[in-house]
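The next block holds one structure in the form of structure tokens; read it before the comments.
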Amino acid sequence: MKIEVRFFALYRERAGCSRASLDLPAGATVADLTAEVRRRHPGLAPPEVSIVVAVNTDYAEPDTVLNERDEVCLIPPVSGG
Amino acid sequence: MKIEVRFFALYRERAGCSRASLDLPAGATVADLTAEVRRRHPGLAPPEVSIVVAVNTDYAEPDTVLNERDEVCLIPPVSGG
Amino acid sequence: MIEITDQPLDPARVTNLVRRDGNGAVVTFLGTTRDHFEGKRVLRLEYEAYYDMALKKLEEICREMQQEFGVEDVAISHRTGLVDIGQISLIVAVAAPHRKEAFYACHKVVDRVKEIVPIWKKEVYEDGSRWVACEDHEFSPSQGAAAETPGH
Amino acid sequence: MIEITDQPLDPARVTNLVRRDGNGAVVTFLGTTRDHFEGKRVLRLEYEAYYDMALKKLEEICREMQQEFGVEDVAISHRTGLVDIGQISLIVAVAAPHRKEAFYACHKVVDRVKEIVPIWKKEVYEDGSRWVACEDHEFSPSQGAAAETPGH
């Protein structure tokens, strides 16, 4: 299945893109997605840092199963205020 | 000696005056002054309530010795803000 | 900055007095006159101050904030006289580089104002009035000259 | 009321949204952009938001305040885009009948905004820039793409 991913702030700058379309097997999880993102963009985050993902505007656990048409965003450490 | 005393708020209303001139022996303390005030104005405060006194714009202890020309004020419970 | 005035208070003016480019956090407290007390409707409030001593105590409170929190930018404005319901009777503005100190110091200033500054508030009802004391723990309008709690 | 806007923020407007005659205490926090970071002069800041999720998280925070403190009158206004030094990037206004709840809830709202709301701040210096992260504990401008701390 195809998953559209958005990149914000630090991740957008490091990835050099604000959106990407990933091919993932049906039943893929958030952890599968971040693994694929790291493969494509090795400089995005150091290995010891977990990449936080939002699915449909909520923080998602690594074992969350993804579906086509989910709104998936990579969330670098927030710093509002 | 003569001590001028100012009354504020609740005490002013209960005493029915905003200032009074008290005759006290030389060396009289704040405790002597409040005793004299209570004698003159029995309704000012119930016996179990200590009357707070400011001398020269600072809170004074009961054993503080008074002098003529001290600025003496009776301070009912404050409620600013 | 400290002031006691019988004119309406201006939160924007008081807040701007403490803003500086090195301060990332500004906390402002507005004390406004409430419309009820124990089910009775309050019509308005009357504030009375022992001005000389009140100003001195407000200055002391500002020094306490410097000692306790390292906070230097404090502004306190207190209103006296007749104050209508919903109007502002007290403004405390505190600024600091970080928010924690700004919140703690602002809260502490308000507590201290209510503890040590000789200012008194009288609530006026349709059928009477009462001098408020020590955060409402003391008098009730039905009791009139009820017992005061010692110390404040 | 919650909003995210690229226009200058107005403390008086946001504060007035939470004032009601039953509320005796109003606490307003202003977050302003600081002029330095570890000795480097900051020229300006750039804020970026994931709007849909940020608005949802701000709404969640308002609900938390109702549950945790019984506080209903909360207004949050966050700015995005280019923000000059000394300007306001965040306003949180909280009103409650008594001051303790107003102070605690306002402080908590600011903490939660910085914890869970997907908004990012970039500091721009004369010789570079950095994405600020997690209250400055994480990146340093000299290290560039330094290690992030997991979780936030």
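Below, chain A is the first sequence line, B the second, and so on; all start at residue 1. The figures here come from the full heavy-atom set of this structure, side chains too, leaving out hydrogens, waters and symmetry mates. Being a predicted model, the structure only gives us computed values, none of them experimental.
Using a 4.5 Å cut-off between heavy atoms, D/V117 contacts chain A through its backbone alone, with no side-chain atom that close. The part of D/K56 that comes within reach of chain A is its side chain, from C-beta onward, which places non-hydrogen atoms under 4.5 angstrom from that chain. For A/N56, the part lying under 4.5 angstrom from a heavy atom of chain D is the backbone only.
Within residues 44-52 of chain D, the residues that have a heavy atom under 4.5 Å from a heavy atom of chain A are D/Y47, D/E48, D/A49, D/Y50, D/D52, listed by number. Against chain A, the residues from residues 59-83 of chain D that qualify, each with a non-hydrogen atom under 4.5 angstrom away, are D/E60, D/H78 in number order.
A side-chain donor-acceptor contact under 3.5 Å links D/W120 to the backbone of A/P76.
Between atom NZ of residue D/K57 and atom OG1 of residue A/T57 there is a gap of 7.0 Å, rounded to the nearest 0.5 Å. To the nearest 0.5 Å, atom CH2 of residue D/W131 and atom OH of residue A/Y11 are 12.5 Å apart.
Heavy-atom minimum distance, A/G81 versus D/S89: O-OG, 3.2 Å. Shortest non-hydrogen contact noted between A/Y59 and D/I116 is OH-O, 2.7 Å. In this structure, D/M53 and A/A54 approach most closely via the heavy-atom pair SD-CB, 3.4 Å.
Other residues, nucleotides and ligands place more than 12 heavy atoms under 6.0 Å from the CZ atom of D/R13. In this structure, A/R38 places its CZ atom where more than 12 heavy-atom neighbours from other residues, nucleotides or ligands lie under 6.0 Å away.
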